[in-house]
Number of protein chains: 2
Amino acid sequence: MDLSCKIEYALLALLELSSCYASGDPLQIRQICARQSIPDRYLEQLLATLRRSGLVKSQRGARGGYLLAREPWLITLYDVVSCIEGFDTQSEGARPLDTLEASVIQDVWGEVRRGAEQVLQKHTLKDLLDQRNTKQQVDIMYYI
Amino acid sequence: MDLSCKIEYALLALLELSSCYASGDPLQIRQICARQSIPDRYLEQLLATLRRSGLVKSQRGARGGYLLAREPWLITLYDVVSCIEGFDTQSEGARPLDTLEASVIQDVWGEVRRGAEQVLQKHTLKDLLDQRNTKQQVDIMYYI
DNA sequence: TCAAAACCCCAGCAGAGAACCGGAGTATAC
DNA sequence: GTATACTCCGGTTCTCTGCTGGGGTTTTGA
């Protein structure tokens, strides 16, 4: 649930796709990577994962690329994170025994996790894009 | 901020110390490890860290052991986690560049993190102990 | 006194995952 | 039918976690 490099790359790519969503043209991996300076072969893997989860569509062949599968305000950050992290059903290696004390501890972390999921579900790709734009405005104001 | 094995061990050990806090007698590493089946050499390291952070005290020599440094209701889970995780000032390796998009993303994760910290700060060692006891009561009820 | 009981420091190791790179395909538009 | 783009598969390096071992040093209590 931490912000890994992997998740950040995926979100940056999706933001690029979001900002081009209105045009309807596909965006190529190279273009995304050039704008956000992401290693291209790495993003390729991430986009493949996103495609298999149905968050993006790909168009093969010349002048192909990637497209958002649905509108930017219908994709939450939780969708992205659970897709990339693979919602792996507690596949931690080498856990302590399942005693009464351990279950009480895990209850607390369940509470933490649910809180995090709520926050992530509140934000969509469109929100992020809007926030970026207002932030840019603020930066320009400071510049003047 | 995830629940690692390390943090779970530390909390289990602290819970053992909490339940013996009233007696005033120190608890030995071996006893803790025997009750919670924790690798003893590993817990030794964790307790050393907890001691350096002032969460536990140690008493050397024969019949020595570890004691909670203050009352169980004055130690929050946040204290424990930040001590063990070492609040390491974003020492992630290989981060993406610090663009406008990246900072918007990091803002969201800051929100997530603050939520998690609030939850952890709400719970003390005494809370966990109480929850364990009521849970035990429920188990007994089911048994009957 | 002195040896056992307990803590303390340092070092290394296996396994898993993250981040990344490269090669060889395969589908599609032009 | 070829260039363009995606797609599958595997390997490599690096870091972190969980764990183990070898030495100490301090202190108690018989």
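In what follows, chains carry the letters A, B, and so on, assigned in the order in which the sequence lines appear, proteins first and then strands, with residues in each chain numbered from 1. The figures here come from the full heavy-atom set of this structure, side chains too, leaving out hydrogens, waters and symmetry mates. These numbers come from a predicted model, not from an experiment.
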Measure [atom1]/[X] against [atom2]/[N] and give the value in whole Å, please.
X: A:K57; N: D:dT7; atom1: NZ; atom2: P; answer: 14 Å
X: A:E44; N: D:dG10; atom1: CD; atom2: C1'; answer: 13 Å
X: A:L50; N: D:dC6; atom1: CG; atom2: P; answer: 14 Å
X: A:Q28; N: D:dT7; atom1: CD; atom2: P; answer: 13 Å
X: B:Q59; N: D:dG29; atom1: CD; atom2: C1'; answer: 13 Å
X: B:R41; N: D:dC19; atom1: CZ; atom2: C1'; answer: 11 Å
X: B:L43; N: D:dC19; atom1: CG; atom2: C1'; answer: 12 Å
X: B:E8; N: D:dG18; atom1: CD; atom2: P; answer: 10 Å

Which nucleotide in the set [options] lies at the smallest distance from any side-chain heavy atom of [X]?
X: A:Y42; options: D:dT26, D:dG22, C:dC20; result: C:dC20
X: A:R60; options: D:dT28, D:dG18, C:dA27; result: C:dA27
X: B:R51; options: C:dC20, D:dG18, C:dC8; result: C:dC8
X: B:P39; options: D:dG18, D:dA5, D:dC19; result: D:dC19

>> Quick one, B:L100 with A:D139, criterion side-chain contact (heavy atoms from CB on, under 4.5 Å). Give me CA distance, side-chain angles, the key distance, then yes/no.
In response: CA-CA 10 Å; B:L100 205 56; A:D139 284 0; 3.7 Å; yes
>> Does this structure show an ion pair linking A:E111 with B:K122, if we count only N-O contacts that are shorter than 4.0 Å?
In response: yes
>> Salt bridge or not between A:K135 and B:D107? Use side-chain N to carboxylate O under 4.0 Å.
In response: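 Here A:K135 pairs with B:D107 in a salt bridge, since their nearest N and O are under 4.0 Å apart.
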Under 4.0 Å between a side-chain N/O of [X] and OP1 or OP2 of [N], yes or no?
X: B:Y9; N: D:dC19; value: yes
X: A:K6; N: C:dA18; value: yes
X: B:Y66; N: C:dC8; value: yes
X: A:S58; N: D:dT7; value: yes
X: B:R52; N: C:dC8; value: no

>> Whether the side chain of A:S37 engages the backbone of A:C33 through a donor-acceptor N/O pair (distance < 3.5 Å, no angle test) should be reported.
In response: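 Pair absent, no side-chain N/O of A:S37 close to backbone of A:C33.
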> Does any N or O in the side chain of A:S23 come within less than 3.5 Å of the main-chain N or O of A:D25, such that one atom is a donor and the other an acceptor?
Replying inline: yes
> Which comes earlier along DNA chain D counting from the 5' end, the contact point of A:Q45 or that of A:R63, where each point is its nearest nucleotide?
Replying inline: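 Comparing both residues, the 5'-ward one is A:R63.
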> Base, sugar-phosphate alone, or nothing: which one does A:L47 contact when heavy atoms must sit under 4.0 Å apart?
Replying inline: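 No contact at all - A:L47 keeps every heavy atom at 4.0 Å or more from the nucleic acid.
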